[in-house]
Colleague: 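Quick one: the structure is below, questions incoming.
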Amino acid sequence: DAGVIQSPRHEVTEMGQEVTLRCKPISGHNSLFWYRQTMMRGLELLIYFNNNVPIDDSGMPEDRFSAKMPNASFSTLKIQPSEPRDSAVYFCASSATNRGKGETQYFGPGTRLLVL
Amino acid sequence: SQQGEEDPQALSIQEGENATMNCSYKTSINNLQWYRQNSGRGLVHLILIRSNEREKHSGRLRVTLDTSKKSSSLLITASRAADTASYFCATEETSGSRLAFGEGTQLTVNP
């Protein structure tokens, strides 16, 4: 198995532009998580899906952030418009759980986002 | 919100020594997990210990859990330079369905 796949690996954009991050979870996993990691705030859970349904999006910072999971093998995290404070590493993780309980999460390599 | 707090924030040891990292948390948990992150990479799961377990081993790793003190420790024995990484504890609360990660301990093992 290729593991969790994220694209792009690096993204540099200008303030105000739309950014779309993509994630392909491990086949057979039914939970998917989006995290953001910064030096100041550490690792923060933004949103997670179970069976393609968003379960908890309380970590999404504001309306500029949106996430979708149209099917079991694909998810996107969109920032529109982007701001410099969105610069961070964004991780996608997946697990074979029910509502995210009690099992290992497998992380992708992350997308390093820089908003100028 | 972050629940686990690791201690120390940074640890530097010589190859062959043991490394001990601690994690404290605040609420009741279903389980506690330890992850490792190499620089510029994603997190990798190391070990999971459930709330009814007190100790668990995996290779050179030993994890303990004391639910009365709401704390856990990760011991890496006979450390190697390749163990250099950040180590995070993550707790799954009984009230919710998400993992809360601590800020991590940066371990440096000098050859």
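By convention in this document, chain letters (A, B, ...) are assigned in the order of the sequence lines, proteins followed by strands, and residues within each chain are numbered from 1.
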Colleague: Please check this pair: side chain of Tyr35(B) against backbone of Gln105(A), looking for a donor-acceptor N/O pair closer than 3.5 Å.
Modeller: yes
Colleague: Rounded to the nearest 0.5 Å, what's the gap from CZ on Phe107(A) to NE2 on His45(B)? Could you check?
Modeller: 10.0 Å
Colleague: Please check if atom CD in Glu83(A) has more than 12 non-hydrogen atoms from other residues, nucleotides or ligands closer than 6.0 Å.
Modeller: yes
Colleague: More than 12 heavy atoms of other residues, nucleotides or ligands under 6.0 Å from CZ of Arg60(B): yes or no?
Modeller: yes
Colleague: Considering residues, nucleotides and ligands other than Lys56(B), do more than 12 of their heavy atoms fall under 6.0 Å from its NZ?
Modeller: yes
Colleague: Quick check on the interface: out of Gly40(B), Gly42(B), Gly104(B), who has the most heavy-atom pairs with chain A under 4.5 Å?
Modeller: Gly42(B)
Colleague: Is it the case that more than 12 heavy atoms not belonging to Gln14(B) sit under 6.0 Å from its CD atom?
Modeller: yes
Colleague: Quick one: do Arg41(B) and Phe91(A) satisfy side-chain contact (heavy atoms from CB on, under 4.5 Å)? Show the steps, please.
Modeller: CA-CA 10 Å; Arg41(B) 308 288 291 273; Phe91(A) 289 103; over 6 Å; no
Colleague: How long is the gap from CG on Leu45(A) to CG on Leu99(B), to the nearest 0.5 Å?
Modeller: 8.5 Å
Colleague: For Tyr106(A), which atoms come within 4.5 Å of any heavy atom of chain B: side chain, backbone, both, or neither?
Modeller: neither
Colleague: In terms of hydrophobic clusters joined by side-chain contacts under 4.5 Å, are Ile79(A) and Met15(A) together?
Modeller: yes
Colleague: Step through the shown structure and confirm whether more than 12 heavy atoms of other residues, nucleotides or ligands are within 6.0 Å of CG on Asn71(A).
Modeller: yes
Colleague: Taking atom CG of Leu43(A) and atom CD of Gln37(B), what is their separation to the nearest 0.5 Å?
Modeller: 7.5 Å
Colleague: Can Val4(A) be reached from Leu21(A) by stepping across I, L, V, M, F, W or Y side chains whose heavy atoms are under 4.5 Å apart?
Modeller: no
Colleague: Quick one: OH on Tyr35(A) to CG on Leu43(B), what's the gap to the nearest 0.5 Å?
Modeller: 8.5 Å
Colleague: Does any backbone or side-chain atom of Gln37(A) lie under 4.5 Å from a heavy atom of chain B? Answer side chain, backbone, both or neither.
Modeller: side chain
